[in-house]
Amino acid sequence: MNNFLVTGGAGFIGSAIVRGLIAKGASRVAVVDNLLTGFEKNLDEVRGAVDFHNVDIRDYDAVRKAMSGIDIVFHEAAIPSVPRSINDPLPSHDVNVNGTFNVLRAAKEAGVRRVIYAASSSAYGDTLVLPKVETMLAAPKSPYAAQKLMGEYYMSVWASCFGLETVSLRYFNVFGPRQDPGSQYSGVLSLFITAILERRTPTIFGDGGTSRDFTYVEDVVGLNLRAAQAPASVSGKVFNAGNGGRITLNEAWSLLQKIEGVSIPAKYGPERAGDVRDSQADTTAVVRELGHDPQFSFEEGLRKTLEWYRGVTVKTANP
Ligand code: UD1
């Protein structure tokens with residue numbers, strides 16, 4: 001059995017990968033997280049099987065130490081959010097670019113075999129054609145998108161120059177349980193779901209025709225596990241980690257109202273700077289080369305997520 005380390009392992013996606021690894025038989029998983037946007041409670045269910053390192057990925061020595069004896073790294077640690085990177089570009093650059101550089105350098109030094117990287121669909125920017133294929137020229141529209149793209153380039157270069165196997169998975173708007181709705185920078189579905197549960201009006205930025213290939217977190221976990229097992233021939237490559245669908249913000253809000261049996265018209269605000277208009281993954285390459293096999297339709301994922309948030313909200317309201 002391999003030894004695994006997940007950077008950002010206390011975060012929404014990272015902790016789901018940790019649980020996925022343990023469910024598949026890993027006896028221990030190392031986690032590197034500085035708890036900036038992650039929470040230790042995300043690891044409650046698996047605490048006994050996790051070696052937790054409260055480490056910032058910008059701290060090379062600490063990252064290097066945590067990687068001793070590790071075979072496979074899932075690099076999920078990042079400061080996400082397009083608008084956050086526009087309002088305050090320095091921290092996200094530092095973590096997403098310099099931190100990623102540190103992770104790669106430490107992985108190579110520690111003799112890690114493979115690094116699987118949380119890349120972003122934002123790298124595409126606005127393309128003339130949908131769905132978006134990996135062979136299209138990247139056209140980032142925000143510091144966040146440029147930073148995530150730089151990480152992909154570093155992944156490929158570490159594979160070609162330094163013999164470290166790498167796989168970049170371009171996530172397409174991942175959603176699901178444990179996504180933190182607590183900030184203006186939170187993912188839109190976490191904000192919509194908490195709004196509908198509290199019977200509040202959400203704000204839709206733009207006309208609501210903006211579309212996303214919302215991908216349920218368990219499908220992203222499944223793909224990460226496949227990327228860990230894939231043959232070395234995938235090394236250095238970039239794959240879309242999407243579902244292949246396309247849902248507008250208006251459709252997402254309508255579906256939530258239908259499921260909850262309520263009518264709460266959304267409020268509309270100005271379009272956000274740096275926003276991509278449409279996003280949809282072509283999944284041909286990732287299905288062919290990594291065996292990607294998404295299990296959850298948008299509605300199934302949304303219902304599961306809604307139930308999770310409902311439980312958390314009820315628990316908080318009636319401790
Ligand atoms: C982008 C990336 C995504 C990445 C994420 C990390 C694209 C296509 N996707 O997500 O892969 O994981 O960054 O942060 O670039 N919105 C509202 N109301 C709200 C909040 C948001 O209408 O209250 C809108 C936004 O303006 C945007 C859409 O919802 O048009 C999605 O926003 P968000 O969930 O923040 O994700 P992206 O920026 O699309």
Side-chain angles (χ1 to χ4, degrees), residues 8 11-14 16 36-37 76-88 91-92 95-96 117-127 130-132 136 138-149 151-152 168-176 179-196 198 200-217 219-220 223 238-243 245-254 256 264 266-281 298 302 305:
F12 152 56
I13 302 175
L36 177 69
T37 57
E76 312 299 310
I79 294 188
S81 172
V82 165
R84 185 168 176 160
S85 78
I86 293 174
N87 295 342
D88 196 12
S92 64
V95 169
N96 298 346
Y117 169 60
S120 171
S121 61
S122 58
Y124 286 110
D126 289 316
T127 57
L130 293 172
K132 303 185 182 197
M136 286 174 172
K141 287 180 71 179
S142 62
Y144 174 76
Q147 293 153 12
K148 280 283 165 179
L149 182 61
E152 285 182 15
S168 293
L169 301 176
R170 280 187 178 167
Y171 293 170
F172 279 71
N173 291 76
V174 184
F175 74 102
Q179 189 166 29
D180 176 22
S183 129
Q184 55 165 318
Y185 300 127
S186 299
V188 67
L189 292 181
S190 71
L191 296 172
F192 278 12
I193 289 173
T194 43
I196 200 108
E198 293 164 12
R200 282 189 286 106
T201 305
T203 303
I204 292 181
F205 300 128
D207 63 5
T210 297
S211 65
R212 294 289 182 266
D213 183 355
F214 292 110
T215 305
Y216 189 58
V217 65
D219 283 332
V220 168
L223 180 57
V238 175
F239 296 100
N240 286 341
N243 210 322
R246 189 155 75 88
I247 305 286
T248 67
L249 297 174
N250 281 335
E251 286 166 346
W253 183 245
S254 292
L256 282 169
I264 306 174
K267 193 168 74 196
Y268 289 82
E271 207 171 289
R272 254 177 15 185
D275 261 0
V276 167
R277 175 70 179 176
D278 297 303
S279 185
Q280 182 182 19
F298 175 62
L302 198 64
T305 310

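Order of appearance sets the numbers: ligands from 1, and atoms from 1 within every ligand.
Residue contacts with ligand 1, taken as heavy atom pairs separated by less than 4.0 Å, involve Asp275 solely via side-chain atoms from C-beta onward. Looking at Ser120 against ligand 1, only its side chain comes within 4.0 Å, counting heavy atoms. Looking at Leu189 against ligand 1, nothing comes within 4.0 Å, counting heavy atoms. Using a 4.0 Å cut-off between heavy atoms, Thr210 contacts ligand 1 through its side chain alone, with no backbone atom that close. Of all the heavy atoms of Glu271, none lies under 4.0 Å from any atom of ligand 1, so neither backbone nor side chain is involved.
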> Taking it one step at a time, do Thr215 and Asn243 satisfy side chain to side chain donor-acceptor pair (under 3.5 Å)?
Replying inline: CA-CA 6 Å; Thr215 305; Asn243 210 322; 5.1 Å; no
> Which is it for Ser92 and Gln147 under the side chain to side chain donor-acceptor pair (under 3.5 Å) test, yes or no, and what are the steps along the way?
Replying inline: CA-CA 8 Å; Ser92 64; Gln147 293 153 12; 3.1 Å; yes
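Looking at atom 12 (O) of ligand 1, its nearest protein heavy atom turns out to be Tyr144 OH, 4.2 Å. The protein atom (non-hydrogen) at minimum distance from atom 18 (N) of ligand 1 is Thr203 O, 2.7 Å. Protein heavy atom in closest approach to atom 36 (O) of ligand 1: Asn173 ND2, 3.2 Å.
Under the 6.0 Å distance and 45° angle rule, Arg212 does not count as a cation-pi partner of Phe175.
At a 3.5 angstrom cut-off on N or O pairs, Phe205 counts as close to ligand 1.
Between Val188 and Phe214 the shortest side-chain heavy-atom distance falls below 4.5 Å.
When the heavy atoms of Lys141, Arg212, Arg272 are ranked by distance to atom 32 (O) of ligand 1, first place goes to Arg272.
Partner of Ile79 under the side-chain contact (heavy atoms from CB on, under 4.5 Å) criterion, chosen from Thr37, Asp88, Val95: Val95.
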